[in-house]
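Each remark here refers to the structure printed beneath this line.
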Amino acid sequence: MRNPSSLGAKLVLILTAVGLVGSIALTALLAALIIPSFNQLEVKSIDAHVERTRAALGDFAAKVEGAVRDYGDWTSSYDYMAYPTREFEQESFSPLAMANLNVDGMAYVGNDGRIIIARWRDAARNVDRPDQRAAFSAALEESGFRRFLGARSSGSYYLRLGGDLAAIGVAKVRRSDGTGTPRGYVLMARPITSKALSDVLQLPATIDLHNAPEANLITSARATMRIAMPIRGSDGHAVASAVFTVPRDVSVLGQRMLWLAVAGSSLLLLVVLAMLRRMITTLVLRPLARVESHMQVVRSSGSLGLLPDEPRKDEIGSLGNSFNAMLQQLKDLRERLEVQSFALGKSESAVAVMHNVRNALNPISTILSQGIAQTPPVDRAVLDRAMAELAQADLPAPRRAKLLAFVIAALDAETRDRDARRRELQIGREAMSHVLEIIGAQQSAAHERPALEPCDVTEIIAKNATIARYSGSVSIAFSFPAQPCRVLASRIILSQVIGNLFSNAADAIAATGTASGSITVTIDRDASSARIAIRDDGEGFAADQTPTLFQRGYSSRAHKSGGLGLHWCANSMNAMGGGLKLESDGPGRGAVAVLTLALAEERADLAA
């Protein structure tokens, strides 16, 4: 610099000019790459929040629709719409029943729009609220739910009830098998609060009843972003909005990353201009090798450990900070995904329990239907005439003997019929106790792994076989071992799994078009485990279809809406330390479901 005409001075000037131009160009390049990328990430983040909120609102309404569909497709509801009875209202329309359904409002409405009965309970005290019931009835008359439902059998939407917002489920009232001209509608309401929405979204959210935009409304600030999503009613227009505020971490991170990159690149250019030849290995190649080595460790181990900090104020330091920021972001996203997976698992568990409850309630419906359709074994009028004729003193002895034989036979037939009804009611009571066990065990099973205990799998098979005989219209012959076999499992969950497998086998037998079939159960043991094989002579399946059967939501039945049964059964068996697999020789050749469980130790048998 002392001699401007020297080569060194010219080189310094040239390198300085090159450095300045390079610094400006690099700043522009980084801005062109980082800002749009982070803007895209921010847009994707907003879309993810919106989709998650929409899914949460849809799931909340879908649960109400699922509850109301059970009351809509129910023969008792169908009969009640024709002949309302107080017994049905006290049993199925009480505050306790509404509490079990987790709804606050219920109503039956005729096809002509007349409200047959409506009720609104106080969730805190579990008592009826006449004032809220009147508001609920008035809101239903104005909501136009019949036009919203149209030709569908059920649906859900949101409705404003004064200062509250509620998810409304509506279903047409039909018989349990879906037949019969609908006699009206059944509606259920479950209020949704800002706290409930915040708990689902894992961020502060509010239900705004005063502002109801027809489209998503996004208001951006420097560090936060306010998102308002419409919550639509029965007419498709918004009745409220879900409002939540999210931090603009991505944009802020992008700006900071840009400035750090610019500062680091400028400093690095100065260092390179002064000591390019001497320091290139120390400042560039070795740090890059260290980052590459750490990346290889992360890729091979799967652990998102941060790169050890080495304080440097250049591009390499910026690269390390960016790499650590990326690893930290990926780690946070992984933790969020685990939280979301846990919430989704709880939701699936609740749906799976409803699936199991439905399977357990089918026998009760069949028993009641058979009992209603069964005719008396003896005509009462004929029996009364015979008794009256026997009372005559001048009745001839041969005639008296014939009448006595007829009366004795009639009384014997009546006794046999009464005993048969008692046996069927006993089976129905066992099925109902099975349902109560499933519901009672759900709370503890939803938060922890099932507690394993020694239980007799033969007894569980026999109980479910007795119940499964009433699960459908097909006559099924069961065969299973009589010797006890004690395994380590959760008795209630294992009973649900076996009940589901019996139900699937019965459906497979019915799908063949025959009026009867057989299910055979065998139990093989080795030193430490038991292998329970459930074979049926139903329709079977192709070998390449086996992996598909365990997919969530898959069902081979065209008339069913989901395949939660096998997916839930496989997860439950894995949770109990066992396994489940399906085998078949092909379509039309039946199938076998194989359960594997650990045997209970002998000392457990002695202790029991």
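Residue numbers run from 1 in the order of the sequence given.
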| task | Would you indicate whether the side-chain heavy atoms of Y158 and I192 approach each other to under 4.5 Å? | result | yes

| Hey, what do you get for CD1 (I227) to NE2 (H49), rounding to the nearest 0.5 Å? | 6.5 Å

| field | Evaluation steps, side-chain hydrogen bond (donor to acceptor under 3.5 Å, both in side chains), between S516 and T514 | value | CA-CA 6 Å; S516 62; T514 60; 5.5 Å; no

| From M576 CE over to L595 CG, what is the distance, rounded to the nearest 0.5 angstrom? | 8.0 Å

| request: Kindly indicate whether the side chain of I168, heavy atoms from C-beta on, has any atom under 4.5 Å from the side chain of L187. | output: yes

| Applying side chain to side chain donor-acceptor pair (under 3.5 Å), which residue pairs with at least one partner in residues 163-174 are found, sequence neighbours left out? | D73-R174

| With a 4.5 Å heavy-atom cut-off, do L197 and I207 have their side chains touching? | yes

| message | Within this structure, what is the CD1-OG distance for the pair I115 and S137, rounded to the nearest 0.5 Å? | response | 4.0 Å

| field | Considering all heavy atoms, the nearest G155-L149 contact | value | N-CD1, 3.6 Å

| request: Check ring pair (Phe, Tyr, Trp, His ring centres under 6.0 Å) between Y157 and all other residues, then give those that pass, not counting sequence neighbours. | output: F148

| Spacing of CZ belonging to R146 relative to CG belonging to L140, to within rounding of 0.5 Å | 11.0 Å

| Minimal non-hydrogen separation, L494 against A489, with atom names | CD2-CB, 4.0 Å

| query | Got a sec, which residues hit ring pair (Phe, Tyr, Trp, His ring centres under 6.0 Å) with F145, two or more places apart in sequence or on another chain? | reply | Y185

| said: So which atom in N574 and which in G579 form the shortest heavy-atom distance, rounded to 0.1 Å? | reply: OD1-CA, 4.2 Å

| query | Can S241 and M229 be said to form a side-chain contact (heavy atoms from CB on, under 4.5 Å), step by step? | reply | CA-CA 5 Å; S241 61; M229 282 187 55; over 6 Å; no

| Beyond-backbone contact of R160 with L209, side-chain heavy atoms, under 4.5 angstrom | yes

| How would you list, by chain and number, every residue that makes a side-chain contact (heavy atoms from CB on, under 4.5 Å) with D177, sequence neighbours excluded? | R175, T179

| field | L580 versus C569, closest heavy-atom pair with distance | value | CD2-CB, 3.7 Å

| query | What's the shortest heavy-atom distance between A593 and L582, and which atoms? | reply | CB-CD2, 3.5 Å

| task | For residues V170 and V186, determine if any side-chain heavy atom of one lies less than 4.5 Å from a side-chain heavy atom of the other. | result | no

| Do R422 and R418 touch side chain to side chain, with heavy atoms closer than 4.5 Å? | yes

| task | Supply the atom-to-atom distance D70 CG to E65 CD, rounded to the nearest 0.5 angstrom. | result | 11.0 Å

| Does the pair I461 and I498 meet the rule for a side-chain contact (heavy atoms from CB on, under 4.5 Å), with working shown? | CA-CA 7 Å; I461 292 172; I498 293 176; 3.9 Å; yes

| query | Should the heavy atoms of other residues, nucleotides or ligands under 6.0 Å from CZ of R147 be counted, would the total exceed 12? | reply | no

| task | May I have the step-by-step check of side-chain contact (heavy atoms from CB on, under 4.5 Å) for F502 and V497, ending in yes or no? | result | CA-CA 9 Å; F502 280 172; V497 170; over 6 Å; no

| Which atom of G590 lies closest to which atom of S584, heavy atoms considered | O-OG, 2.7 Å

| task | Enumerate the residue pairs fulfilling side chain to side chain donor-acceptor pair (under 3.5 Å) with a member in residues 85-97, sequence neighbours excluded, ordered by first and then second residue. | result | Y80-E89

| query | Does any non-hydrogen side-chain atom of P230 lie less than 4.5 Å from one of E214? | reply | no

| said: Measuring from atom CG of N464 to atom CZ of F478, what distance do you get when rounded to the nearest 0.5 angstrom? | reply: 9.0 Å

| query | Which is it for L165 and V239 under the side-chain contact (heavy atoms from CB on, under 4.5 Å) test, yes or no, and what are the steps along the way? | reply | CA-CA 9 Å; L165 181 67; V239 296; 3.9 Å; yes

| said: Any non-hydrogen side-chain atom of F88 less than 4.5 Å from a side-chain atom of S76? | reply: yes

| request: If a pair satisfies side chain to side chain donor-acceptor pair (under 3.5 Å) and one of its residues is in residues 97-122, list it, with sequence neighbours excluded. | output: S77-Y108, D104-R121, R121-N126, D122-R125

